[in-house]
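Order of appearance sets the numbers: ligands from 1, and atoms from 1 within every ligand. Just so you know, these numbers use all the heavy atoms, side chains as well, and skip hydrogens, waters and symmetry mates. If you read the sequence from its start, that first residue is 1, and numbering goes on from there.
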Amino acid sequence: MIIRTVESLRGTDKEIKSKNWSSTRLLLQSDGMGFSFHETIVHPNTETKIWYKNHLEAVYCIEGRGEIEEENKIKHPLTPGTLYALDKNDKHTLRAFSEMRMICIFNPPLVGPETHDENGVYPLIKTSGVK
Ligand code: 9YT
């Protein structure tokens, strides 16, 4: 069994910071669960273009207010209790109107240090000896 707290991971190499968000990675590929599990804080009044072409992501908003815009320009409000799942590797734009706290699940799992490239993409990192 794995027991971890987000507080114990802050400030370590499990907390990845970018301009618009920071992501604390509670479960990674090396944990052998088949997915990774993150708490993401999205900074207020930010807009981030994202395209996880190598991963599926589900995101559950637990605090804050924002919106997600699909490539076809359709916008969906994000408030606590809203989930979005990028089941088609959907390109999207994420806007935070206040600080947002999100729970994010990635399949395949992230390895650890991934951060967005200039297109909002994470690379697919393969490691040997995955459980
Ligand atoms: C909501 C979102 O995708 N934010 C970017 C960070 C990502 N969720 C991560 O790496 O945890």
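Using modelled atom types, one side-chain atom of N89 and one backbone atom of H55 make a donor-acceptor pair closer than 3.5 Å. A donor-acceptor pair under 3.5 Å links the side-chain atoms of N20 to the main chain of E47, judged by distance alone.
Among the candidates D31, L28, I105, the single residue satisfying the side-chain contact (heavy atoms from CB on, under 4.5 Å) test with F37 is I105. Only one option out of L26, I103, L110 pairs with H38 in a side-chain contact (heavy atoms from CB on, under 4.5 Å); it is L110.
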Scan the side chains in residues 59-69 for donor-acceptor partners under 3.5 Å anywhere in the protein, sequence neighbours excluded, and list what turns up.
{"residue": "E63", "atom": "OE1", "partner": "R101", "partner atom": "NE", "Å": "3.4"}
{"residue": "E63", "atom": "OE2", "partner": "R101", "partner atom": "NE", "Å": "3.2"}
{"residue": "E67", "atom": "OE2", "partner": "R95", "partner atom": "NH1", "Å": "2.7"}
{"residue": "E69", "atom": "OE1", "partner": "R95", "partner atom": "NH1", "Å": "2.9"}
{"residue": "E69", "atom": "OE1", "partner": "R95", "partner atom": "NH2", "Å": "2.8"}

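Taking the six-membered ring where tryptophan is involved, the planes of Y52 and F106 are perpendicular, since the angle between them exceeds 60° and thus also 30°.
Listed by chain and number, residues touching ligand 1 at under 4.0 Å (heavy atoms only) are W21, S23, R25, H38, T40, I50, Y52, E57, Y84, L94, C104, F106, H116, Y122.
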